[in-house]
Asker: 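Once you've had a glance at the structure underneath, I'll fire off some questions.
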Amino acid sequence: MTGAYSPAAPDWLKESLWHHATVTAVLVPYSPRVLDLEDIRVTFAEDWSPQIQADMLVTAGYDEDLFEMLDPQKRVKLLIDAGYTYPDGTTDVHRLADLYLLTRPIRRPDNTMALTAASGEAVTQGARLDPWTAWVPDRAGLTEFVTWATTYGMYPEAPEIDSVVGSGFGAAALADLPVEAGDDLWSLISEAASRTGAWVYADGNKWIITRSPTSTGTAAYALTTGPEGTIFTSDSQLSRDGFANSCVIKYMWRTGTTDHLIHGYARINGGPYAPEAAGRMGDAVERPGPITQDAANQAAAARLANLATRGRSLLLEAHAAYWLRPSNTITVQLSTGPPETVLVRAVTFAPLAGTMNVTTRQAINVPMKIGE
Amino acid sequence: MTVTITAAPSTVTGAAYLEITTTNPVVALTRTDKNGTRPVRLEAGALPFTGTATFRDYEPALSGPVLYRASTDYGTAETSTTLAGQGPRFTVPASPLLSVGAATVYDYAANRKTRSTVHEVIGRADPIIVRARMGTRTGTLSIVCADHADLMDLEAVFALGATVMFRQAEHAGLDMYFHATETAAVPNTGKWELTVSYVELTYPAGPVLGAWTFADLAATGATFAEIAAAYPSFTALLLNTPGPL
């Protein structure tokens, strides 16, 4: 479960290591350039779009060619590699993220550039359906819909699609999805994902269509304190913030002169966190229609399944395990209490300091009442 | 033998004067001294050449033998010389016109700081180190100057912000290329003293800058007075660094 990294990496992380990080800027027709990094942080967060976001501080000399190349208006890719050199002398460096450059300020007299970059969602957020070109959304299923939307949104690049839901999944929920000229492609993808209860995100131009896990799987990494430990700081939080035991999604639209309003609804049904026991902790959002009542309720249930896992979270700073990603399962043993198995909600890597900051959510399966 | 080389030291400029005669093109000219082996810094486009040419090397060590080797595709020639017996010297390798000998350098102090990060683990006695190499030397050194005019000549070496080379004869390994981050001048018992804060740099690649000609100069101003006003000193004129300072 260490991805491209050596299977021995979790054991090596208990020791002192050399860490590496490089950022390579790529833009045709320029030759790729490795940037002089002063600082870098890369965040993967399941509830953010773009899911991968990076901030870096890069030395800015007087290299006009580089300044001309690092133009966010062109589609500049930043390839971020990170890894280790182990005490046995082997070097284990792999691609951490494949991002698009968003901003490039040059600051004088500091002589730095504070670059920001993000994964492919950022590109589709800027791409809007053009009223003059013929386009027909492919509603045969979520995979087909995302393929159509990313092909349009990532143009002229061809997207790579990695779907675990198969073809035809969610076709019924997509039948009513409104698609109009002027819509940005990411809002269409995001709405399609919400209606079908799936999770869509990009790693560079690779689009992953999957389901957000509510239960834990095989642990990708074990974090502990104590003599063999790697946890530098921990902050264990119980909060009503972010937690919800009921969810309303309000869909409003108009056809001709008729206004339509549908509320999708789901709540925790039974147990200590249900409204009967814990009180009402509601969440409400508005989304564009049209939609059917059943599809609206399913969308609310999918949202609640994630919100219900957020009451208890751990904020951990630890020795960086570069293969960890949101939705991975990890086990955590703090100085007190039993070991816990939790899901990663967000992880931020700071390769120059060799640290990662992990935010977790609880893995609970709550009984749910969907609709009335 | 198709290539010959001779070398002679200069006590005035702290340089070695090289003369090379060759029938095959000389493709490399290197110096080996106690600071290691490096190519001799020349003006851009100086190599390859055939015939007879003279060069000045402003970066040889000030103690021990200095070996020069001129290489052609068909053979090499070597010669050695020494610049022993000279005082410490500060030189800008890219603009060797800025080269000042100092009578006394004292109060040298050097720090090297690790770039590693030490992380303390909860409940664990030993820390986890994210390892990194140690940085180069940083610190200060003080230079004694006979009078304020000498001090200003010395300051001019650091004023450009270019890499400066420090050479001296007494301590092996103390020579360095550095960048001055701060200079402080104070009078001291009838003399002047300049304290330089430095950051050591690695060997700077690049040619000797030059080729600023009378034609270029004539184009910058219509009258002699204009040029005299634009350049604060003759050194500034030679280096083409106009400006108030």
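Nothing here was measured: the structure is a model prediction, and the numbers come from that model.
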Asker: Is it true that, when you exclude A:Trp323 itself, more than 12 heavy atoms of the residues, nucleotides or ligands shown sit nearer than 6.0 Å to its CH2?
Answerer: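 Enclosed: over 12 neighbouring heavy atoms sit under 6.0 Å from CH2 of A:Trp323.
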Asker: Identify which part of B:Ala132 has an atom lying under 4.5 Å from any heavy atom of chain A, answering side chain, backbone, both or neither.
Answerer: backbone
Asker: Between CG of A:Leu17 and CD1 of B:Ile129, what distance do you get to the nearest 0.5 Å?
Answerer: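 These two atoms lie 11.0 Å from each other.
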Asker: What residues of residues 219-239 of chain A make heavy-atom contacts with chain B at a cutoff under 4.5 angstrom?
Answerer: A:Thr225, A:Gly226, A:Pro227, A:Glu228, A:Gly229, A:Thr230, A:Ile231, A:Phe232, A:Thr233, A:Ser234
Asker: Can you confirm whether B:Arg133 is buried at CZ, in the sense that more than 12 heavy atoms of other residues, nucleotides or ligands lie under 6.0 Å from that atom?
Answerer: no
Asker: Give a yes or no on this: more than 12 heavy atoms of other residues, nucleotides or ligands lie within 6.0 Å of atom CZ of B:Phe224.
Answerer: no
Asker: What pair of heavy atoms forms the shortest contact from A:Gly354 to B:Val130, and how long is it?
Answerer: CA-CG2, 3.7 Å
Asker: Anything in residues 4-15 of chain A with a heavy-atom distance to chain B below 4.5 Å? Please list those residues in order.
Answerer: A:Leu13, A:Lys14, A:Glu15
Asker: Sequence neighbours excluded and cut-off under 3.5 Å, please list the side-chain donor-acceptor pairs for residues 137-145 of chain B, or say none.
Answerer:
residue, atom, partner, partner atom, Å
B:Arg137, NE, B:Glu200, OE1, 3.0
B:Arg137, NH1, B:Tyr108, OH, 2.9
B:Arg137, NH1, B:Leu174, O, 3.3
B:Arg137, NH2, B:Asp175, O, 3.2
B:Arg137, NH2, B:Glu200, OE2, 3.2
B:Ser142, OG, B:Thr195, OG1, 3.1

Asker: Minimum heavy-atom separation for B:Pro127 to A:Ser16, with atom names?
Answerer: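 The pair with the smallest heavy-atom distance is O-OG, 4.0 Å.
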Asker: Counting only non-hydrogen atoms closer than 4.5 Å, does A:His319 touch chain B with its backbone (N, CA, C, O), its side chain (CB onward), both, or neither?
Answerer: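 The side chain, not the backbone.
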Asker: How about residues 110-121 of chain B versus chain A: which residues have heavy atoms under 4.5 Å apart?
Answerer: B:Thr117, B:His119, B:Glu120, B:Val121
